Protein chains: 2
Amino acid sequence: MTEQRKVLLQHVFERHQHFDVDELIEQLPKRGEAGHVSRPTVYRTLNEFVEAGLLRRFELDGRSVYEHDYGYPAHDHFYCDKSGKLIEFHNRELVELIEKIAQQYDFQIASHRLIIYGASKEGREASRRTKRRQDMI
Amino acid sequence: MTEQRKVLLQHVFERHQHFDVDELIEQLPKRGEAGHVSRPTVYRTLNEFVEAGLLRRFELDGRSVYEHDYGYPAHDHFYCDKSGKLIEFHNRELVELIEKIAQQYDFQIASHRLIIYGASKEGREASRRTKRRQDMI
DNA sequence: TTCTTTGCAAATTCTTTGCACCGAA
DNA sequence: TTCGGTGCAAAGAATTTGCAAAGAA
């Protein structure tokens, strides 16, 4: 248990929120400051967290995104094209249907990943405001 | 409409099957042969196909995978960890449930992507055989 | 001819690795 | 003291881009 791992554990599990490597490093102390962690160590440690079952990793726009896994209930996401935000939702019925489908195909589920792409209410509203502003120019 | 685009169109839409860039290039004439297409042109053209709505792109293990979009019904996939195979399935009920959930959250769907990870029947059987072989060594 | 596309090489982006040094136990 | 962990720089993998030459219309 090193200083670097303490810092990473703390930042990663402080809040329940998904993040990518750049966002995480952004929040950490900069180079030279106390508690700084180098980029390779961040990557190495996140990989260990994933292996250990603490985090889950998935890809969005070609980069890795991490979210809490250990002790956190399964869920899925909306991805809003307008705001770039990932919105979590929980739905029991969906999980059951996925299990039923897998059974039909004799497929043993390890996990699943569903992302619904489109526009959230907030995204649509923000986009409407932006358009108006553009119209004025 | 260039020679290269003709070659790519032909190879991509000849069969209904998902593929990644390396698999596609593998099938094309090699450098020096007639009908060869350079790697950058493959990337550029696939991007155009995606923009044009002919192909859909998604990420698997950090690389892009393409599948037919235009004129092909929506579907989802199993991804078998044992065999590395992507298996397509169609399920009306799932689409309806996803639409219902999106409505509940006031989210306007553009598309969705579901991948169920685990082991297919074939994958499990292949894996059993492999294990046996290993046991014999 | 004119404008677009191609190929090559080089650049980018994200992530991993080799290796000497440091630090936890 | 002893290993595993860290940081740096460099290597990799996948994809994109600048630019001059080639080609379609």
Side-chain angles (χ1 to χ4, degrees), chain A residues 1-13 17-67 69 79 84 86 113 115, chain B residues 1-13 17-67 69 79 84 86 113 115:
Chain A
M1 180 52 64
T2 62
E3 171 66 13
Q4 287 86 338
R5 291 183 183 190
K6 274 183 209 153
V7 170
L8 288 173
L9 267 172
Q10 152 126 256
H11 278 83
V12 166
F13 293 101
Q17 201 198 299
H18 26 66
F19 60 91
D20 65 24
V21 170
D22 280 334
E23 286 167 355
L24 175 57
I25 288 179
E26 188 80 10
Q27 301 171 3
L28 297 175
K30 312 297 170 219
R31 210 179 328 155
E33 298 177 18
H36 171 72
V37 183
S38 72
R39 184 169 281 268
T41 295
V42 170
Y43 275 104
R44 277 188 287 236
T45 308
L46 290 179
N47 281 340
E48 285 172 29
F49 287 174
V50 170
E51 301 257 315
L54 296 174
L55 293 179
R56 290 236 293 155
R57 184 206 338 254
F58 58 104
E59 314 263 326
L60 203 57
D61 293 333
R63 76 211 188 282
S64 290
V65 178
Y66 299 85
E67 65 179 1
D69 187 3
Y79 180 64
L86 211 48
R113 177 67 63 192
I115 301 180
Chain B
M1 179 52 64
T2 63
E3 171 65 14
Q4 289 85 338
R5 290 182 183 189
K6 274 182 209 153
V7 170
L8 288 173
L9 267 173
Q10 151 127 257
H11 279 83
V12 166
F13 294 101
Q17 200 197 298
H18 26 65
F19 60 91
D20 64 25
V21 170
D22 280 334
E23 286 167 356
L24 175 58
I25 288 180
E26 189 78 11
Q27 301 170 5
L28 296 175
K30 311 300 169 218
R31 208 173 337 148
E33 298 176 17
H36 170 72
V37 184
S38 71
R39 184 169 282 269
T41 295
V42 170
Y43 276 103
R44 278 187 287 233
T45 308
L46 290 179
N47 281 341
E48 284 171 31
F49 288 174
V50 170
E51 302 258 314
L54 296 175
L55 293 178
R56 290 237 293 156
R57 185 206 337 254
F58 59 104
E59 314 263 327
L60 203 58
D61 292 334
R63 77 212 186 281
S64 290
V65 177
Y66 300 84
E67 63 177 1
D69 188 2
Y79 180 64
L86 212 48
R113 178 67 66 189
I115 300 181

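All figures in this text were calculated on a predicted structure; none of them were measured in a lab. Labels below follow one simple rule: chain letters A, B, ... track the order of the sequence lines, proteins then strands, and each chain is numbered from 1.
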*If you round to the nearest 0.5 Å, how far is CZ of B:Phe58 from CD1 of A:Ile115?*
12.0 Å
*What is the minimum heavy-atom distance between A:Asp20 and A:Glu23, and which atoms define it?*
OD1-N, 2.8 Å
*Dot-bracket for DNA chain D: what is it, with Watson-Crick or G-U pairs under 3.5 Å, [ ] where a pair crosses earlier ones, and | for a pair to another strand?*
|||||||||||||||||||||||||
_side chain to side chain contact (heavy atoms under 4.5 Å, CB included) partners of A:Glu26, counting only residues at least two apart_ = none
*What distance separates A:Lys30 NZ from A:Ile25 CD1, expressed to the nearest 0.5 Å?*
9.5 Å
*asked:* Taking any atom closer than 4.0 angstrom to a non-hydrogen atom of chain A, what span of DNA chain D does the protein reach, first nucleotide to last?
replied: D:dG5 to D:dA9
*Just grab all the ring pair (Phe, Tyr, Trp, His ring centres under 6.0 Å) pairs involving residues 19-42 of chain A, residues at least two apart or on different chains.*
A:Phe19-A:Tyr66
*Taking only the side-chain heavy atoms of A:Asp22 (C-beta and beyond), determine which of C:dT15, C:dT6, C:dC14 contains the nearest atom.*
C:dC14
*Any side-chain heavy atom of A:Leu28 sitting closer than 4.5 Å to one from A:Leu8?*
yes
*Do any of residues 53-67 of chain B sit with a heavy atom less than 4.0 Å from DNA chain D, and if so which?*
B:Arg63, B:Ser64
_Holding to side chain to side chain contact (heavy atoms under 4.5 Å, CB included), I want the full list of residues that pass it with A:Glu59, two or more places apart in sequence or in another chain._
A:Ser64, B:Glu59
*According to the salt bridge (Lys or Arg N to Asp or Glu O under 4.0 Å) rule, which pairs have a member within residues 35-52 of chain B, sequence neighbours left out?*
B:Arg5-B:Glu48, B:Asp22-B:Arg39
*Which of residues 40-48 of chain B have a heavy atom under 4.0 Å from DNA chain C?*
B:Pro40, B:Thr41, B:Arg44
*asked:* Just to verify, what does A:Gln4 make a side chain to side chain contact (heavy atoms under 4.5 Å, CB included) with, not counting sequence neighbours?
replied: A:Thr2, A:Val37, A:Thr41
*A:Arg113 CZ to B:Arg113 CZ distance, which is reported to the nearest 0.5 Å*: 14.0 Å
*Find out whether B:Val12 and B:Thr45 are in side-chain contact, i.e. whether some heavy atom of one side chain is under 4.5 Å from a heavy atom of the other.*
no
Pairwise N/O distances under 3.5 Å, protein to nucleotides 21-25 of chain C:
none

_Partners meeting ring-ring contact (aromatic ring centres under 6.0 Å, His included) with A:Tyr43 (sequence neighbours left out)_ = none
_My understanding is that only residues two or more places apart in sequence, or in another chain, count here; which of them pass side chain to side chain contact (heavy atoms under 4.5 Å, CB included) with B:Leu9?_
B:Met1, B:Phe13, B:Phe49
*Between B:Glu51 (CD) and C:dT5 (P), how many Å, whole number?*
13 Å
*asked:* How long is the straight-line distance from CZ of A:Arg57 back to CG of A:Leu46, given to the nearest 0.5 Å?
replied: 8.0 Å
*May I ask you to test the B:His11-B:Leu24 pair for a side-chain heavy-atom distance under 4.5 Å?*
yes
